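See structure below.
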Amino acid sequence: MALETPNHTQTVAGWAAYDSSGKIAPYIFKRRENGVNDVTIQVMYCGICHTDLHHVKDDWGITMYPVVPGHEITGVITKVGSNVKNFKLGDRVGVGCLAASCLECEFCKNSQENYCDQIQFTYNGIFWDGSITYGGYSEMLVADHRYVVHVPDNLPMDAAAPLLCAGITVFSPMKDCQLLESPGKKVGIVGLGGLGHVAVKMAKAFGHQVTVISTSPSKENEAKQRLGADYFLVSTDAKQMQRGKRTLDVILDTVSAKHSLGPILELLKVNGTLVVVGAPDRPIELPSFPLIFGKRAVKGSMTGGMKETQEMMDVCGKHNITCDVELIKPDKINQALDRLARNDVRYRFVIDIAGTSKL
């Protein structure tokens, strides 16, 4: 493991956390030369994911400092390797969570690279050459073309950036639960944050009745009037939760804070499915009785493979689905992370890396 290898000759300006204080500061580092399977991308925008917050503060005990976060990246291709046939100069592209995988296991061969035992991430991972990966809080990125997707022309690059993580994270379980091809289901979305608001948009676009479950009563008008949710339940209101019992077919839980799944499970019909996509830093509570007496299933889901990610981008292009974003300049990253920790964002911070937007 090394910060860089002899092939890392390109000097890049970025922003990194140097220790568990989580404070972001400018960072000059090296990226590898563009190889035969690579594309070089001028980074235009990069979303700020809750995972970034966990990594910069080393909440999970796995951070390799200095860490350059960012895995919701959109940009423009400036160089193409000789083996690359599906991208060309000037293409609008996106890079999500994945940087490398083994390419040989059953998951890689079945377009589920995200479940490969040797998966390496866009930042805080170890690339094939042994170097540590650096993410999208930087002016340019070199990526293997097999982990890059096209961004539809009709989607704005800033509002499309969070789709590379938040979007695919909710799209994948929706597809897994057959929500893309079978409209008319009753779908619950727990949490109305970066993931939740995209999930509401997707579920409505796919023709489902949507119930938002939130601890914040103040979000009801926004959930219904602006995002199109049909119903809203305050999860701390026992009467509301009681009225919602056994009404939902599928629930996506996007909450990244510790909480109990018991009351949420009670909202499911018999044989219903709860999919956990949030990543709390402490274990969530899973009581057995709501499972047993409802024949319910709880499963997890993480991002998606590359084929599925491209499908998600194309579907979002078809339905004109984007994220609601708040653009910031790089010098405001620390303030954005502080606000994100307080859930003070509607609904995703996106860094204007290239400085092309009027802020």
Side-chain angles (χ1 to χ4, degrees), residues 49-50 159 162-163 165-177 179-180 183-269 272-280 284 290 296 298-301 316 319-326 340 342-348:
C49 176
H50 212 280
L163 294 175
C165 175
I168 184 60
T169 297
V170 296
F171 178 87
S172 184
M174 285 187 182
K175 184 178 180 182
D176 192 49
C177 292
L179 295 181
L180 272 67
K185 299 287 187 180
K186 295 182 178 179
V187 178
I189 308 297
V190 185
L192 198 63
L195 275 67
H197 89 286
V198 182
V200 172
K201 291 183 178 184
M202 287 186 179
K204 289 302 298 180
F206 302 155
H208 303 294
Q209 184 187 96
V210 176
T211 298
V212 170
I213 302 109
S214 173
T215 59
S216 304
S218 60
K219 291 185 177 181
E220 180 171 2
N221 285 341
E222 183 136 357
K224 289 181 177 179
Q225 295 176 11
R226 197 161 70 81
L227 298 176
D230 300 283
Y231 299 100
F232 188 92
L233 295 176
V234 179
S235 58
T236 54
D237 186 321
K239 290 183 179 179
Q240 287 191 28
M241 295 294 282
Q242 179 66 28
R243 287 197 297 270
K245 287 184 70 171
R246 293 197 174 195
T247 60
L248 303 176
D249 297 293
V250 176
I251 297 175
L252 267 63
D253 188 340
T254 71
V255 174
S256 58
K258 181 184 177 182
H259 59 293
S260 175
L261 299 185
I264 298 167
L265 283 167
E266 297 282 10
L267 300 175
L268 285 171
K269 297 177 181 178
T273 300
L274 169 62
V275 187
V276 176
V277 296
I284 51 181
R296 300 170 176 115
V298 176
K299 60 195 301 186
S301 181
C316 287
H319 293 284
N320 200 29
I321 297 172
T322 56
C323 301
D324 293 0
V325 303
E326 182 176 335
L340 178 60
R342 303 192 305 269
N343 294 316
D344 177 24
V345 57
R346 295 288 187 276
Y347 283 97
R348 204 66 152 188

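Just so it is clear, the model here is predicted, and its values are computed rather than measured.
Every residue two or more places apart in sequence or in another chain was checked for a ring-ring contact (aromatic ring centres under 6.0 Å, His included) with His208, and none qualifies. Under the side-chain contact (heavy atoms from CB on, under 4.5 Å) criterion, Tyr231 pairs with Gln209, Thr211, sequence neighbours left out.
Using cut-offs of 30° and 60° for the angle between ring planes, the His197 and Tyr347 rings count as parallel.
Contact of the Asp324 side chain with the Arg226 side chain is registered, since non-hydrogen atoms from C-beta on lie closer than 4.5 Å. Using a 4.5 Å heavy-atom threshold, the side chains of Met174 and Leu180 count as touching. For the pair Met202/Val170, a side-chain contact is recorded, criterion being any heavy-atom separation below 4.5 Å from C-beta on. Between Glu266 and Ile264 there is no side-chain heavy-atom pair separated by less than 4.5 Å. Residues Val198 and Phe171 form no side-chain contact, since every pair of their non-hydrogen atoms from C-beta on lies 4.5 Å or further apart. Side chains of Lys219 and Arg346 form a contact here, defined as non-hydrogen atoms less than 4.5 Å apart. Annotation: side chain of Pro162 is in contact with side chain of Val325 (closest heavy-atom distance under 4.5 Å). Residues Leu233 and Leu267 are in side-chain contact: their nearest non-hydrogen atoms beyond the backbone lie under 4.5 Å apart.
Closest heavy-atom contact between Ala166 and Gly194: CB-O, 3.8 Å. Minimum interatomic distance between Val275 and Gly300 (heavy atoms only, all atoms of both residues): CG1-C, 4.2 Å. Between Val277 and Pro173, the shortest heavy-atom distance links the atoms CG1-CG, 4.0 Å. For the residue pair Ala223 and Phe232, the shortest heavy atom distance occurs at CB-CD1, 3.8 Å. Closest non-hydrogen pair, Lys204 versus Leu227, comes out as CG-O, 4.3 Å. Contact between Ala203 and Val210 at its shortest, heavy atoms only, is CB-CG2, 3.5 Å.
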For a side chain to side chain contact (heavy atoms under 4.5 Å, CB included) check, start with the C-alpha distance between Phe206 and Lys185, then their side-chain angles and the critical distance, and finish with the verdict. CA-CA 10 Å; Phe206 302 155; Lys185 299 287 187 180; over 6 Å; no
Run the side chain to side chain contact (heavy atoms under 4.5 Å, CB included) check on Ser235 and Gln240 step by step: do they pass? CA-CA 8 Å; Ser235 58; Gln240 287 191 28; over 6 Å; no
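Interatomic distance, CG of Leu163 versus CZ of Arg348, reported as 10.0 Å (0.5 Å rounding). Rounding to the nearest 0.5 Å places NE2 of His259 at 3.5 Å from CG of Asp253. To the nearest 0.5 Å, atoms NZ (Lys201) and CG (Asn320) are separated by 9.0 Å. Taking CG of Leu195 as the reference point, atom OG of Ser256 lies at 8.5 Å (rounded to 0.5 Å). Between Asp237 atom CG and Ile213 atom CD1 the span is 13.0 Å, to the nearest 0.5 Å. Going from atom CZ of Arg296 over to atom CG of Leu274 covers 10.0 Å, rounded to the nearest 0.5 Å.
Classification of Lys186 and Asp230 as a salt-bridged pair fails, no side-chain N sitting under 4.0 Å from a carboxylate O.
Side-chain atoms of Thr169 come within 3.5 Å of backbone atoms of Cys165 as a donor-acceptor pair (strictly under, hydrogens ignored). In terms of modelled atom types and a separation under 3.5 Å, the side chain of Thr254 and the main chain of Gly278 share no donor-acceptor contact. Formation of a donor-acceptor pair under 3.5 Å by the Ser214 side chain with backbone atoms of Ser216 is found in this model.
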